[in-house]
Amino acid sequence: MDEESLQESGWHIDTLAVRAGVHTTAEGEHSEPIYPTSSYRFKSAAEAAARFAGEPGNVYSRYTNPTVRAFEERLAALEGAEVGVATGSGMAACLAVFMGHLKAGDHVVASRAIFGTTVQMLSNILGRFGLETTFVDLTDPAAWRAAIRPNTRMLFLETPSNPMTEIGDLQALAEIAHGAGALLVVDNTFCTPALQRPLEWGADVVVQAATKYIDGQGRCLGGAALGRRELMEPVRGFLRTAGPSLSPFNAWVFLKGLETLSLRMERHCASAQTLAEWLEAQPQVTRVFYPGLASHPQHALARRQQKAAGGILSFDVKGGQPAAWVFMDALRICSISANLGDAKTIVTHAATTTHSRVSPEARAAAGITDGLVRISVGLEDVRDLQADIARGLAAAGAF
Ligand SMILES: *Cc1c(COP(=O)(O)O)cnc(C)c1O
């Protein structure tokens, strides 16, 4: 369906997840086709010339591909965005947004608690090209306001944060960004549009690592940037030239993933809630971090901003790193891996893997202790997960 008819239809999000972005061909196929083609054939030399002169239509799959477009349209419908631009990975989506909207001499304010690779990209790569980034506490709007400079062009955050599940106040941060004439960009990977729609709270651009929950089964890398048409044009322009485009096969996997996203998120959230409440009562656990717990400092904000608390939780195992490792090694169902948003439950020891390049002082300041374990709660039966985690905690109980 094209955009106008979608808006006219006023369909709910679960209908859009199944029905948006459908362009049935003359074959009448019911499931969306995959178009594995790098280029397109023109009917005549004149048509080729017209396409190169800007007439709408396919030219080359670095620019447009029908399967990729279908995924872009469906995800845009879910995020409530005018336009979506798909990318070859989540990081490519971040890069395309930064390169499309920033230049040397610009300043970015970013949450300290964003994906480690995004910190590296802003500091070490874009820093070499004259971009400056100030990192602030996600949960302290006054710190964001204080960090604004005359050349601040963008505020960047993730909420909930990884691995501490802190919540950023999207509405407050959108007001600060717009007061400064800057864009608010939100990495919505942890929630997906099934749980949180940042554009409704005033964000200008959303980025997604489709690699995580949108795929949902740990198969493909991909991403997207979404927002108003005029904000997406420079992003697409960068992509066409720089090249980190999404493959049609991966786009198709994500397109099908979106159809079950909201159902899967419901189960991820319900199981995470059950496990978080149970973990809080375990003697080997000092603290549980999950926005769905009444003990979470921003429980009320999470309830207002998100439809449910998410599928990721973290907790502190008594006994520090040795105990955390014994816990992890004793698990038989949960996988030790660095991914998240998979049907398979994944445990990660942040201090020695995802956050090992962060200095011990910065880790301590962020609350990432040596005993902290992150769980991306999968779709297995929660009773089996609880028994598996209980086995791990019993093994770690000696510490
Ligand atoms: C994984 C992830 C990314 C990067 O996505 P890739 O597809 O691995 O490049 C960005 N942001 C968040 C929050 C992520 O979890």
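What's counted below: heavy atoms across the whole structure, side chains too, no hydrogens, waters or symmetry copies. In each ligand, atom 1 is the first atom listed, and ligand 1 is the first ligand listed. For this chain, numbers begin at 1 and follow the sequence in order.
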* Go through the structure and list residues passing side-chain contact (heavy atoms from CB on, under 4.5 Å) with T286, not counting sequence neighbours. => D316, K318

* Are H268 and Y213 close enough that their ring centers fall under 6.0 Å? -> yes

* Any idea how F327 and F315 line up, ring-wise: parallel (<30°), tilted (30 to 60°), or perpendicular (>60°)? -> perpendicular

* **Within one Ile-Leu-Val-Met-Phe-Trp-Tyr cluster: F98 and L155, side-chain cutoff 4.5 Å** => no

* Pairwise distance CZ(R112) to OG(S161) - rounded to 0.5 angstrom -> 12.0 Å

* Going by the side chain to side chain contact (heavy atoms under 4.5 Å, CB included) test, name the single residue among T189, D187, N188 that passes it with C191. =>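 Going through T189, D187, N188 one by one, the side chain to side chain contact (heavy atoms under 4.5 Å, CB included) with C191 is satisfied by N188 alone.
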
Give every pair formed by an N or O atom of ligand 1 and a protein N or O atom closer than 3.5 Å, one pair per line with both atom names and the distance to 0.1 Å, or write none.
| residue | atom | partner | partner atom | Å |
| --- | --- | --- | --- | --- |
| ligand 1 | 7 (O) | G90 | N | 2.8 |
| ligand 1 | 7 (O) | T211 | OG1 | 2.6 |
| ligand 1 | 9 (O) | G90 | N | 3.1 |
| ligand 1 | 9 (O) | M91 | N | 2.8 |
| ligand 1 | 11 (N) | D187 | OD2 | 2.6 |
| ligand 1 | 15 (O) | K212 | NZ | 2.6 |

